[in-house]
Undergrad: 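This is the structure I have questions about; it appears just below.
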Amino acid sequence: DHLSPVLAYTRNLAAVAGFAAKEQQEMELAVEEIFANVVEHGFEYNSGETFSMVFAVSPAGLTITFQEKGVPFDPAALPQYDPEKASGEVKGLGIYLASRSVDEVSFRYLGQGGKETRLFKQLRRQPGVTPLELTESVPHTVFEGKYEIRLFRPDDALPVARCAYRAYGYTYSHHVYDPQQMVADNRQGTLISLVAVADDYPEALGYADLRPYGAIAEVESIFVNPTSRNSRVFPKLLQGIVQVGRERGYVGVFCLSVTSHVITQKAARFMNGVDCGLLVAYMPQTEFKSMGLECRHRVSMVMAFANLTERQPVTVYPPARHRAIVEKLYQALQMPVAVEAALPDVVPAAATLYSLDIQLENIAVLTITDYGSDAAAVLAKQLGDCCRQGIDCVYLYLDLQNPASTAVAEYAQQAGFCFAGVLPAGIAGRDALVLQYWHNTEVNWEEIKLANPLAHELLAYIRSDAGQ
């Protein structure tokens, strides 16, 4: 069911932008009706087709555009629903409800690009409701007062969303703009959040969170309000979230840092993070609002890992071609391992077990947890399905402690995957080899900015491996 998350995103985006509760409901209704029309009527001959939605917030209001290549139709010939003459007839009801819920509904043909339906709702000033773009209550000077870093509370959700907007516009991780989801995730334990707050300050000064993945957790989000950049909020948040991970008993924590600038890469040292991977073209084009940066290509991410416990040595089985770089990464991580070679045909006769996670960044994460004789076929099918769906990048996680990983990695290499890195305890507590595949994705290697020598070495190795 794709409609529910779309409606939740619409509602929360409208709330963050400053629309009143009634207006948020009206936007939801309009989106629901147009969504249903596109799915039911636009694709009646091709149920496998896809369409996109573009959300744009401005001082004037909220615009939502549906772009699709469904069955052509004439907007002028649409049935005109009349509630006084309806008598059970529902033709045209969807467009009628949508047009009553927003200020403008318009249709436009895009030639070979298909067609688009555009919804616009004007932002009217509401007492006590201030849109992010027009927030004037927070001074644009450096915050130098006293603050505290503590665990997230439900009433922190909207201040956190506004803090994210100040730093990144609407280009950061989606969950930080969704107050209800953030509250629910923290209650359920699927997210552990910290906030930096001051008693006399109306917005959050900073935010960080952990997303648990079995034995390890990801520092999924960390950002600071531009007004608090010089008050060491960022390193204190990072140290605090790592301490929370240690208290919760995680083996380690990892973070992904953008390569559009080196600030967050350098900050990883505050959690004793060591670079262990480079995920190329991981994020869509991104705007770093407060820095005045805009990336024209997909953004790559440096993966850094911080070990939080002493662990016993383990044996890993990387492919022969990647053995040297894998050994170097483990040495940098200061994690004892025995690197062994495995026969390339060591694959049991059992069935392959895997999971596929398609994420909002238009990437797919394919994790193979157990290998079987059908591993090559499973890999080929999953990769083919991702490419047919227009996925930009596929990241493959293999159990590096399983001797059969050598053979499966060779299958992947033949299919076009190249090296990305290693992630200790990345698959149910077992170390992971990470490979990557790009589908019709332009990689601008020159845009990748790196802070550490090991990351530069990784970049050179990945470029060479991709070329081969």
Side-chain angles (χ1 to χ4, degrees), residues 185 188-192 209-220 241-242 244-256 273-274 276-277 279 282 301 303-319 322 326 329-330 333 335-340 342 346-359 363-376 378-379 382-383 386 394-409 411-412 417 419-437:
D185 285 352
Q188 295 166 6
T190 55
L191 194 69
I192 307 166
D209 62 36
L210 281 178
R211 180 79 66 178
Y213 290 99
I216 61 176
E218 179 186 1
V219 183
E220 188 172 66
I241 205 70
V242 170
V244 169
R246 183 176 285 109
E247 292 169 354
R248 302 289 174 101
Y250 293 111
V251 172
V253 297
F254 70 99
C255 66
L256 301 180
V274 175
C276 61
L279 305 181
Y282 186 87
M301 309 288 280
M303 182 164 61
F305 183 85
N307 190 27
L308 301 183
T309 62
E310 293 289 336
R311 77 167 189 174
Q312 297 299 314
V314 300
T315 302
V316 295
Y317 301 89
H322 299 320
V326 167
L329 292 175
Y330 275 110
L333 289 163
M335 301 183 74
V337 295
V339 180
E340 300 288 348
V346 179
V347 177
T352 297
L353 301 178
Y354 67 92
S355 63
L356 180 67
D357 179 20
I358 296 179
Q359 301 181 6
I363 63 172
V365 176
L366 176 60
T367 303
I368 299 184
T369 55
D370 205 359
Y371 308 119
S373 56
D374 60 343
V378 167
L379 180 60
Q382 295 304 315
L383 179 61
C386 287
V394 181
Y395 300 95
L396 175 63
Y397 286 68
L398 301 176
D399 180 355
L400 198 50
Q401 293 178 233
N402 188 325
S405 64
T406 300
V408 180
Y411 300 154
F417 282 86
F419 187 79
V422 298
L423 181 59
I427 302 178
R430 296 166 67 86
D431 292 3
L433 173 69
V434 188
L435 305 176
Q436 54 194 335
Y437 178 98

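When reading the values below, keep in mind they use all heavy atoms of this one structure, side chains included, and skip hydrogens, waters and symmetry mates.
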Undergrad: Are any non-hydrogen side-chain atoms of V434 and V422 less than 4.5 angstrom apart?
TA: no
Undergrad: Which atom pair, heavy atoms only, marks the closest approach of G189 to P212?
TA: O-CG, 3.8 Å
Undergrad: Closer than 3.5 angstrom, by distance alone: can the side chain of Y371 be matched with the main-chain N or O of D399 as a donor-acceptor pair?
TA: yes
Undergrad: If we ignore hydrogens and angles and just use 3.5 Å, is the side chain of Q436 paired with the main-chain N or O of F419 as donor and acceptor?
TA: yes
Undergrad: Does any part of the side chain of M303, heavy atoms only, come nearer than 4.5 Å to the side chain of L423, both counted from C-beta?
TA: yes
Undergrad: Give, for atom CD1 of I363 and atom SG of C386, the distance between the pair rounded to the nearest 0.5 Å.
TA: 10.5 Å
Undergrad: Taking atom CG of L383 and atom CG of L366, what is their separation to the nearest 0.5 Å?
TA: 8.5 Å
Undergrad: Taking C-beta and beyond as the side chain, do R248 and I192 meet within less than 4.5 Å on heavy atoms?
TA: yes
Undergrad: Can you check side-chain contact (heavy atoms from CB on, under 4.5 Å) on L396 and V365, steps first, answer last?
TA: CA-CA 6 Å; L396 175 63; V365 176; over 6 Å; no
Undergrad: Going by salt bridge (Lys or Arg N to Asp or Glu O under 4.0 Å), name the residues that satisfy it together with D431, two or more places apart in sequence or in a different chain.
TA: R311
Undergrad: State, with a plain yes or no, whether a side-chain heavy atom of D357 is found less than 4.5 Å away from one of Q359.
TA: yes
Undergrad: Nearest 0.5 angstrom please: D209 CG to I241 CD1, how far?
TA: 6.5 Å
Undergrad: Distance-only, no hydrogens or angles: does the D370 side chain make a donor-acceptor pair with backbone N or O of L353 under 3.5 Å?
TA: no
Undergrad: By side-chain contact (heavy atoms from CB on, under 4.5 Å), which residues pair with V242, not counting sequence neighbours?
TA: R246, V253, M271, L308
Undergrad: Rounded to the nearest 0.5 Å, what separation is found between the CG atom of L400 and the CZ atom of R430?
TA: 9.5 Å
Undergrad: Could you check whether atom CD of E247 has more than 12 heavy atoms from other residues, nucleotides or ligands sitting under 6.0 Å from it?
TA: yes
Undergrad: For a 4.5 angstrom cut-off between non-hydrogen side-chain atoms, does V339 reach Y317?
TA: no
Undergrad: Taking all atoms of both residues into account, what is the closest heavy-atom pair of S405 and L398, and its distance?
TA: O-CD1, 4.3 Å
Undergrad: Closest approach of G421 and L329, non-hydrogen atoms and distance?
TA: CA-CD1, 4.4 Å
Undergrad: Rounded to the nearest 0.5 Å, what's the gap from CG on N402 to CG on L433? Could you check?
TA: 12.0 Å
Undergrad: Indicate yes or no for a side-chain donor-acceptor contact from T367 to the backbone of S355 under 3.5 Å, with no hydrogens or angles considered.
TA: no
Undergrad: Do Q382 and Y354 have side-chain N/O donor and acceptor atoms under 3.5 Å apart?
TA: yes
Undergrad: Quick check, are the ring centers of Y437 and Y395 under 6.0 angstrom apart?
TA: no
Undergrad: Over all heavy atoms of both residues, which pair between G214 and Y250 is shortest? Give the atoms and the distance, please.
TA: O-CE2, 3.7 Å
Undergrad: Roughly how far, to the nearest 0.5 Å, is CZ of F254 from OH of Y213?
TA: 6.0 Å
Undergrad: Considering all heavy atoms of both residues, which atom of I427 and which atom of A432 are nearest to each other, and what is their separation?
TA: CG1-CB, 3.8 Å
Undergrad: Quick check: do P424 and M335 have side-chain heavy atoms less than 4.5 Å from each other?
TA: yes
Undergrad: Looking at every non-hydrogen atom in both residues, tell me the closest pair between A375 and V408 and how far apart they are.
TA: CB-CG2, 4.0 Å
Undergrad: Please name all residues satisfying salt bridge (Lys or Arg N to Asp or Glu O under 4.0 Å) with R211, sequence neighbours left out, ordered by chain then number.
TA: D185, E220
